[in-house]
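Before any comments, here is the structure.
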Amino acid sequence: MGSPNLSMFDLTGKTAIVTGASQGLGVSYARGLAKAGCDLVLAARSLDKLEEVANEIRQWGHRALPVKMDVTRVEDIQSAVEKAVSEFGHIDVLVNNAGISAVHEAEDMSEREWNDVISTNLTGVFHCAQSVGRVMIGQKYGKIINIASMYAFVGSSYVPQASYTASKSAVLGLTKELAVEWGPKGVHVLALAPGFFRSDQTIWAFENNKELGEKLLHKVPLGRMGRLEELEGTIVYLASSASDYLHGQALVLDGGFLSW
Ligand SMILES: NC(=O)c1ccc[n+]([C@@H]2O[C@H](COP(=O)([O-])OP(=O)(O)OC[C@H]3O[C@@H](n4cnc5c(N)ncnc54)[C@H](OP(=O)(O)O)[C@@H]3O)[C@@H](O)[C@H]2O)c1
């Protein structure tokens, strides 16, 4: 028996763009990719926070370019992609992660709570994929990882968020469509559907409202939230050639939440 071939997980020399890299899960994706050898383009609206993440990434010996980008502004996305290509020459991975939520019963949800979430989580994801996809089609190679949610598959338990679940379900549909259109052009398109991980989007439910947190965790067979470092290995797998035959589908990382 030979030793395991781990070179398929190696991302040395690759360039990845992570949107929503200023805080939360996006920082974990950036850390994981940098540890596996990637140079990073870190995108979000808060440039000061991106600078901090970039400084951490650079300590591991990799280049990190913070770019201010609002995913609801197509001109921001195009400018960020142009900067990435001019700095690194190629884009191998897009982690399409920037996202927001709005918690309100559907019957009372405002037009704004609907539109803001859809324009960030769905239209923003599409425009980032489109802009980066054009570069990847030209390269005949690339991996686009769209961040969905386990709530792409089921309604949101105890926390009403119609625009969020609708946007994340649509991200799965978009992933399939892009996989069909761009697979033959060399671009891999897949999704990651996380369960509960600690971030500004979840902390209020799990740490500020213990009763709600317990009810939510009751549905997780592993009985705990995901650990942020568990996102690191997962994103490396999805960004690397180890996952090359995974296409058009979502990997669900939910501690078993969707199993019952
Ligand atoms: N936490 C969880 O348990 C969980 C579970 C499933 C899925 N997710 C998904 O994971 C992604 C990250 O969420 P998170 O939990 O890490 O939340 P978070 O801590 O609130 O982070 C959201 C990130 O998105 C960025 N962002 C928001 N709107 C943006 C816009 N218009 N343009 C550019 N960047 C924008 C934010 O940066 P700026 O404010 O600096 O722009 C921030 O970096 C989201 O898509 C979320 O739906 C999270």
Side-chain angles (χ1 to χ4, degrees), residues 17-32 40-54 66-81 94-103 115-129 131 145-154 156-157 159 161 163-172 174-175 191-207 212-213 216-217 219-220 224-228 230-232 234-235 250-255 257-258:
I17 300 182
V18 180
T19 71
S22 59
Q23 64 175 54
L25 279 54
V27 178
S28 300
Y29 300 135
R31 283 188 185 127
L40 266 301
V41 178
L42 306 165
R45 294 165 302 182
S46 320
L47 198 53
D48 49 342
K49 289 192 197 170
L50 291 173
E51 294 283 2
E52 284 174 29
V53 179
V67 288
K68 190 170 164 59
M69 180 179 94
D70 182 336
V71 298
T72 66
R73 294 167 51 91
V74 176
E75 58 275 26
D76 278 16
I77 298 171
Q78 281 166 352
S79 145
V81 170
L94 167 65
V95 184
N96 224 339
N97 165 72
I100 58 172
S101 64
V103 176
N115 286 337
D116 283 355
V117 173
I118 297 296
S119 62
T120 305
N121 296 10
L122 177 58
T123 313
V125 161
F126 171 66
H127 283 135
C128 289
S131 222
I145 303 156
N146 294 324
I147 304 302
S149 162
M150 65 187 180
Y151 288 140
F153 299 91
V154 291
S156 167
S157 32
V159 180
Q161 41 183 352
S163 53
Y164 183 81
T165 53
S167 72
K168 294 299 185 178
S169 297
V171 164
L172 295 189
L174 176 64
T175 300
L192 174 62
F196 300 127
F197 286 81
R198 189 179 192 281
S199 77
D200 276 9
Q201 279 187 32
T202 52
I203 195 167
W204 65 273
F206 287 93
E207 288 171 33
L212 174 59
L216 292 170
L217 282 186
K219 281 212 70 193
V220 180
R224 63 169 174 86
M225 297 180 81
R227 300 186 183 106
L228 288 173
E230 287 169 332
L231 296 168
E232 295 183 18
T234 304
I235 206 69
L251 184 75
V252 178
L253 193 69
D254 69 345
F257 181 98
L258 292 177

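Each ligand, and each atom within it, is numbered from 1 in the order the structure gives.
Residue pairs meeting the side-chain hydrogen bond (donor to acceptor under 3.5 Å, both in side chains) criterion with at least one member in residues 196-205, sequence neighbours excluded: Gln23-Asp200, Arg198-Glu207.
Residues that satisfy the side-chain hydrogen bond (donor to acceptor under 3.5 Å, both in side chains) test with Tyr164, not counting sequence neighbours, are absent from this structure. Partners of Arg45 by salt bridge (Lys or Arg N to Asp or Glu O under 4.0 Å), not counting sequence neighbours: none found.
Between Arg31 and Glu230, none of the side-chain N atoms (NZ, or NE/NH1/NH2) sits under 4.0 Å from a carboxylate O, so this pair counts as no salt bridge. By the 4.0 Å N-to-carboxylate-O rule, Arg73 lies too far from Asp70 to be salt-bridged with it.
In this structure, the side chain of Ser156 engages the main chain of Val159 through a donor-acceptor pair within 3.5 Å.
Protein residues lining ligand 1, listed by chain and number: Gly20, Ala21, Ser22, Gln23, Gly24, Leu25, Ala44, Arg45, Ser46, Met69, Asp70, Val71, Asn97, Ala98, Gly99, Ile100, Thr120, Ile147, Ala148, Ser149, Tyr164, Lys168, Pro194, Gly195, Phe196, Phe197, Ser199, Asp200, Gln201, Thr202 [non-hydrogen atoms, distance under 4.0 Å].
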